Structure formats: structure tokens, C-alpha cells
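Here's the structure, in C-alpha cells; my notes come after.
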Amino acid sequence: MRLTYTSDVWWKNAVVYCLDVETFKDGNDDGVGDFRGLTQQIDYLAGLGVTCLWLMPFFPTPNKDDGYDITDFYSVDPRLGTLGDFVEFMRTAHDRGLRVIADLVVNHTSDKHPWFKEARSSKDSPLRDWYVWSDTPEPDNPDQVVFPDKEDSIWEYDEGSGQYYLHSFYRHQPDLNVANPAVRDEIARVLGFWMELGLSGFRVDAVPFLIENVDPKLAEPHEFLADLRAFMTRRMGGSILLGEVNVAYKDLVAYFGDGLGDQITMCFDFIGMQKAWLSLARCDAGALSEALRERPKPPKDSQWAVFLRNHDELTLDKLTEDERQEIFQAFGPSEDMQIFGRGLRRRLPTMLGGDLRRIKMAYSLLFSLPGTPVIFYGEEIGLGENLKAEGRMAVRVPMQWSRDGGFSRVKPARAVPEGAFGPERVNVADQKRDTGSLLRWFQLLIERYRECPELAWGESTVLDTGEPAVFAHRCDADGATVVVAHNLSDTAREAELRLDGLGGYRLTDLLVDGTTEVPDGGVVRITMEPHGCRWLRASHPGVAPEDASVKSR
């Protein structure tokens, strides 16, 4: 595996940074973030070390669902700037070596979209079949309702045309019907438009809803995903689809394209994320170890996207009720911290009580898990939430650049974190000057992750440690090995690792100075500080650690 090859398949060891233009930086002093403000922070993002920016929706919208209710797929919300501002942002990002992907929200539109206005105008409308209609809605199934705090059905009666329309999410978001070839063609045009303006791909929102809630039911629903991927590859060979596919492992492989890998390029590992939180709550590696052992291997050149937190609620829907309650008790015991009865609306630093040592360990775990790490803006400084905001908006707070906020010269339109997580205590400016800050830790983790392609490309093996609180795994690629261990508890532990084939090798610490010799038998004991983390590169005596990495081959 050579650098020329790994750079072609850039997504396999990328560092993806998700941000909302509206909450990142205000460039025109109206209290709302915009593309001009974001462009001025490109050097900060490049300096952090991220390689790919994921933009949450920035399209025109009535803004009933934070931009996910779209009225025009071919433009920019006027509050955030113009197409000209977008192009300038893209040019600057590319100049700094950053790729950019954006949310592809085509499972539904806003009910204010011209398409839906035309579709509901008459049963004979030429756009009628762009949406899903029924004379009599299917019986309500509570399990189908995504937002039980707002909706009790996925069907809404349209008085004007006398039929019900399907809305998998909110009633103001009617589902598009990809069973209609005209809709599929239009979606491809949307992708082509933004790729011409420089996007390297898209994060596909709610993928299962996109291909399943259609009329008539598609005989081969995954053919649509394969067609989209083929279209993108023709237009730009290195483009990707990052899929939000929250289903069981046994059902998820099909979204990659089974063995072909010709559909979704990367899928989020929701199961691994939820099991990781269960392990953090228990201070026991068992749940996470089990998930990684069960996780199927993606097709060649496909990849898992790993994360601990994102822009939505921290969903725990794939856990049992008892397991959910364990996490609630550990990280969100108050009812206002929970949402939908299945998740949490808090950010990681507040969930871990601001304990910097534990926070650093959690992010070290994230960057070392096999897959491509995805981080949410502000995680690198320990940005908190504001529980006074409604629902998922609690975690979508303004970025904190300085002690006075620095997001805008006027009062931000969104509520900011308060108390110990307010801008006077958590901000970029202070952490840039502090070598022990979380920001500097992120820069180190990203640097080391990029130096260790084995973590993303290699064959990963979960190791038995003899200590329940210690999670360890090794990643092997082309004869090179990286071993990683994390202590999930707040007491020192000693782990015993059997490293077959590495007897007589030296393990070099990559996060701190130090080496450990592996005895000829291949069994090594390592001491773990409370919430400690060790990244260890294996090298043969006489070979410099940096020369043992596959990146130099």
C-alpha cells in the first residue's frame, strides 16, 4: 500500500469535520453565521488538520427543521450568503487542500417547495407523482414515527386535493417518490450541479427512508443508490456518498453494495457508537469489543465512518431499554437532557462532566477506532450545549472563538452555552495558547492518525487484555502494526496483551515519549493510567518507528 494509492481512496483515512454554516462564524454582523464568515476560518480548519468539511444544509428554507426543509436545491439560503459566496468559500477550501461534502436531503422537501405546491394543486398535476399519495393512509404504526414529540402519524390529509401524503418526518416535509424516474433524474441533476461547483460528495440523509418509502415499491431499491454512485463516478472519480444508515449490521451491508461496494461509499457505524457509550458508562470494554467483533467488513474501497457525537440527538435506539437507562443515568439523568425516550441532547464534554482527562481519552478512542473519524464542530475545544433550546437544537450552538464569543459582533441568533462551558471559559483563542488544551490534543491526535494509515486501512483485531476496563486492538497492514489501548476507568490498570508475531519487536509510544520491548513469547504487559491511552507502533529492532509505517512503503 503506497501513499499514491491511499491518496486516491482519500476517504478511507480522512478526518471529516461536520459544521453548520449558520452557527460557525458571522461575516456580516447580523447574528447569523454565513459563508463569508466560514471562509475567514478556513486556515483554522486546515491548521486543525481536518481533511474534509461536511456542510449541514445551507439551501433556501422556511427553517422549520433547521434547514432540512428545503425549498430550492439549487441555491443558497439568503441568510447565509449567495452562490458567489459559496464559490469563494470552495475556492479557498481547495486552496488549503480541503475537500468539501454537503448534506443531500432528497428523501423529502419542504411543503413550501414549488414542486409540492404544484403537486398538491390537483390530482392531475404533472408533478403529482413526485410525492407519495394515498386515498386511505396505512394504519398508524407508532414505531414508524421518527419524532414522537411532534407527530403521531406519517400521513397528513391534504384538503385541497382530497388525499393523504406521506411524511416520514415532520408533516411539513412531504416525502419525495424516487420510484418516479423523473424524480431520480432531478436528484442526479442536483448532485451534478453542486459537483460542478466543487463538492467532492454528499452525506445522504436518512438513506433507508429514501429508497423504501416510495410508490410503487421498487423491485430493486438499491439500484437507485448504485445509479447515483455510478453517475457521480462518471462526473468525478473521487467523489463519495456518506450514508446515514441506522440499521442492524446484517441489514446494512446491502447499502455498501454487498461485495461490490458500488452504492454508499461510507456508512456511519451507529451500532459501534452506541456500544461505545455503553462501555464508557460501564467503564467496561465488553460492549464495544463485542460490537467490533460483530461488525462486518465493508467491501474493498468502502469504509466505516466512526463517531461518538453528531448534529442530531445521540440516539440509543439499537440498545435494550435497560442499556439505554444505564447511559441515561451515567450521562443524562435529567429528563430535559433526554429526547424521544431514545437518546440524549448533550455534547460529549458535558456528558463527561468536563473531566479533561476522560474527554481526551474518549477522543483518542474515536480517532483510533478502525474507520474514518467524523467530528462535530466545536468538539475540538469542548463546546457544550444549551438545554434551554428546543430538542436537537440544544447541541447546535454558536462556535466560541474568544472569551466574548467571537462568533458575531452582535448578539447571536442562537443561544450559547453557559456556566462552565460558556465562551469566557471555552474558546479557541485561549486553547491555542495552552499546550495542554483539548484543541492541542485534537491536533496531535489528527496528526498521529494521519501518520498511521493502518488504523483505517489495516485488518483490525480486538485483543483480550485480562482487564475488563481496558479496550485494546491492533491494526495490521502490509507487515506494519499499530497497537492501541484505552483505560475506560478512573483507576490505574495493567493490561496483558498477546501480540502474535511481534516477539522481539519494540513498541514506540506515539502520544508520549517511551518504548516497550515485546518479549520473545509475544506477551507484553502495559501500565495504563486512569483514563489513559496508548498508541504503540511496532518496529523491528534497528528499524526506526517512522520507517515501520506502511505510509512510507
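Small disclaimer: the values here were computed from a predicted structure and weren't measured.
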Given side chain to side chain contact (heavy atoms under 4.5 Å, CB included), test L455 with V484 step by step and report yes or no. CA-CA 9 Å; L455 295 175; V484 186; 4.0 Å; yes
If you round to the nearest 0.5 Å, how far is CD of E244 from CG of N107? 8.5 Å
Does this structure show an ion pair linking E326 with R282, if we count only N-O contacts that are shorter than 4.0 Å? yes
Under 30°, 30 to 60°, or over 60°: which ring-plane class applies to F147 and F340, parallel, tilted or perpendicular? tilted
Salt bridge or not for E385 and R346, using N-O below 4.0 Å? yes
How about F73 and H113: are their ring centres within less than 6.0 Å of each other? yes
Does the ring center of W304 lie less than 6.0 Å from the ring center of Y249? yes
Do R347's NZ or CZ and the ring of Y377 fall within the cation-pi criteria of under 6.0 Å and 45°? yes
Which of parallel (below 30°), tilted (30 to 60°) and perpendicular (above 60°) describes W133 and F116? parallel
Can you list everything that forms a ring-ring contact (aromatic ring centres under 6.0 Å, His included) with F58? Sequence neighbours excluded, please. F35, F86, W194
Got a second to check how far L228's CG is from F202's CZ, nearest 0.5 Å? 9.5 Å
Between E22 and R79, is there a side-chain N and carboxylate O pair less than 4.0 Å apart? yes
Counting C-beta onward and ignoring hydrogens, is there a side-chain heavy-atom pair between L241 and Q263 closer than 4.5 Å? no
Taking the basic N atoms (NZ, or NE/NH1/NH2) and the acidic carboxylate oxygens, is any pair closer than 4.0 Å for D227 and R184? no
Could you check if a side-chain atom of P148 sits within less than 4.5 angstrom of a side-chain atom of R342, using non-hydrogen atoms only? yes
Taking atom CH2 of W155 and atom CG of L166, what is their separation to the nearest 0.5 Å? 4.5 Å
With a 4.0 Å cut-off on N to O distance, would you call D312 and R396 a salt bridge? yes
Apply side chain to side chain contact (heavy atoms under 4.5 Å, CB included) to the pair D317 and Q274, showing each step before the final yes or no. CA-CA 8 Å; D317 66 320; Q274 296 179 48; 3.2 Å; yes
To the nearest 0.5 Å, atom CG of N63 lies from atom CD1 of I70 at 11.0 Å
